[in-house]
Amino acid sequence: MGLGDTAVTSHGAPQLSPRGQQVSLEDLPRVDVGMVTFNTRELTIAALHRLMDASDGCRLRLLVRDNASSDGTAEAVAAQFPDAEVDAASENLGFAAGVNTLLARSDAPWFLALNSDAWPEPGAVRRLVRAAEAFPSAAAVAPRLERPDGTLEHSTYPFPSLKVAAVTGAGLYHRVGRRRAQDLLLMGSWMHDHPRPVDWAVGAALLLRRAALEDIGGFDEEFFMYVEDLEWAWRARQRGWEIRFEPSAVVRHVGNASGEAAYGRRRTATYLHNTYRFYGRHHRPISTTAFRALNLAGCARLYLQFRLRRDRAQAAFWADHVRAHLTLRAASDRPSRA
């Protein structure tokens with residue numbers, strides 16, 4: 001079966017594939033789905049129902065870590081999904097630590113890290129597994145992320161660098177050429193329309209290979225939330241692995257649900273704070289300062305551009321980024337609402 005084929009269902013008795021072949025449950029790939037939740041009860045329940053409806057072609061085991069929600073998320077999941085293994089924590093230790101607790105409980109060859117506001121379209125999980133099986137060097141395979149209305153979410157990026165910051169900050173996409181812009185995964189130039197290796201992908205949905213996890217390790221718990229996906233992909237690259245992108249697997253993603261619940265208006269500053277913490281680990285202070293300055297200049301340029309166009313929504317978005325850059329000294333990735 002090719003990556004685009006419809007897979008068989010994982011429920012009930014042996015089923016027939018689209019080509020008339022009988023497939024038993026034991027022949028289906030085992031995938032542990034790990035979900036960390038925090039005060040997103042309604043989104044979580046809806047996402048899990050959609051996940052189970054789309055679980056064709058794999059044997060899924062659902063592992064949930066609730067980071068001390070106050071809205072009854074853990075109780076609601078346990079009540080509606082009795083087969084799920086729910087860990088209701090008494091303390092919020094962060095997203096990275098939450099995923100690591102699930103990884104420690106997982107023994108399947110594949111682990112799908114899935115946000116509580118994300119759900120795969122039918123067949124997506126099986127397509128991710130097929131893509132990983134086709135590329136043994138892939139530590140992880142990322143799907144095409146789309147908003148619930150079908151809008152593309154730009155979800156694959158290059159590793160942070162002065163070159164990329166200069167190109168994006170100055171808006172010089174046209175100067176590097178279309179092919180080079182696609183190679184650099186630049187927003188607006190790379191349309192997420194074909195399989196390829198990428199530097200890193202947004203961790204809203206990532207299929208992780210067990211062998212890679214044993215080699216690379218789990219997420220870095222020094223990052224409470226945000227940038228743990230970037231940091232893990234960096235370590236994967238250092239160990240000789242790659243991250244693959246598979247567009248035939250589509251995952252719907254609301255976006256930032258737990259982040260808004262935990263950080264509110266501090267979310268942007270928190271994400272940027274962790275980005276510069278990561279960059280500073282691997283570059284000299286003068287390079288980190290230049291990297292921040294280029295990004296601030298780019299945010300200011302975009303704010304002015306959209307304000308002149310009278311696009312209030314985009315102007316407000318980039319104004320938030322400018323403010324976040326100017327308050328980074330006071331930023332922390334430990335949320336006051338945790």
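Being a predicted model, the structure only gives us computed values, none of them experimental. Hydrogens, waters and symmetry mates play no part in the numbers below; they use all other heavy atoms, side chains included.
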### Query
Does any donor atom in the side chain of S287 or Y279 lie under 3.5 Å from an acceptor atom in the other side chain?
yes

#### Entry: N-O pairing of R61 and E85 below 4.0 Å
yes

### Task
Kindly say whether the aromatic ring centers of H273 and F224 come within a distance under 6.0 Å.
no

### Message
Using the side-chain contact (heavy atoms from CB on, under 4.5 Å) definition, which of the options L206, L102, L207, V31 pairs with F111?
### Response
L102

### Query
Can you name the side-chain contact (heavy atoms from CB on, under 4.5 Å) partners of R307, sequence neighbours left out?
Y303, A315

### Query
Pick one: which of L63, V36, L208 meets side-chain contact (heavy atoms from CB on, under 4.5 Å) with V99?
V36

### Task
Answer yes or no for R309 and F306: cation-pi contact, defined as NZ/CZ to six-membered ring centre under 6.0 Å and angle to ring axis within 45°.
yes

### Task
Scan side-chain atoms only and decide if T37 and T44 contain a donor-acceptor pair under the 3.5 Å cut-off.
no

### Message
One pair to check against side-chain contact (heavy atoms from CB on, under 4.5 Å): L48 and M35. What are the steps and the verdict?
### Response
CA-CA 9 Å; L48 289 177; M35 180 177 288; 3.6 Å; yes

### Query
Taking the six-membered ring for Trp, are F245 and H194 ring centroids under 6.0 Å apart?
no

### Query
Does a salt bridge link D220 with R277, judged by any charged N lying under 4.0 Å from a carboxylate O?
no

### Task
Go through the structure and list residues passing side-chain hydrogen bond (donor to acceptor under 3.5 Å, both in side chains) with D229, not counting sequence neighbours.
none

### Salt-bridge contact E246-R244 (side-chain N to carboxylate O under 4.0 Å)
no

### Message
Suppose we screen for side-chain contact (heavy atoms from CB on, under 4.5 Å). Which residues come up paired with E75, at least two apart in sequence or across chains?
### Response
none

### Message
Atom CZ of residue position R105 - does it have more than 12 heavy atoms of other residues, nucleotides or ligands inside 6.0 Å?
### Response
yes

### Query
Knowing that exactly one of D199, L145, V198, V202 qualifies, which makes a side-chain contact (heavy atoms from CB on, under 4.5 Å) with T156?
V198

### Task
Return the set of residues passing side-chain hydrogen bond (donor to acceptor under 3.5 Å, both in side chains) with W241 (not counting sequence neighbours), or none when no residue passes.
D215

### Task
Please name all residues satisfying salt bridge (Lys or Arg N to Asp or Glu O under 4.0 Å) with D71, sequence neighbours left out, ordered by chain then number.
none

### Summary
side-chain hydrogen bond (donor to acceptor under 3.5 Å, both in side chains) filter on R210, not counting sequence neighbours, yields S106

#### Entry: Point-to-point distance, once rounded to the nearest 0.5 Å, from CH2 of W234 to NE2 of H282
5.5 Å

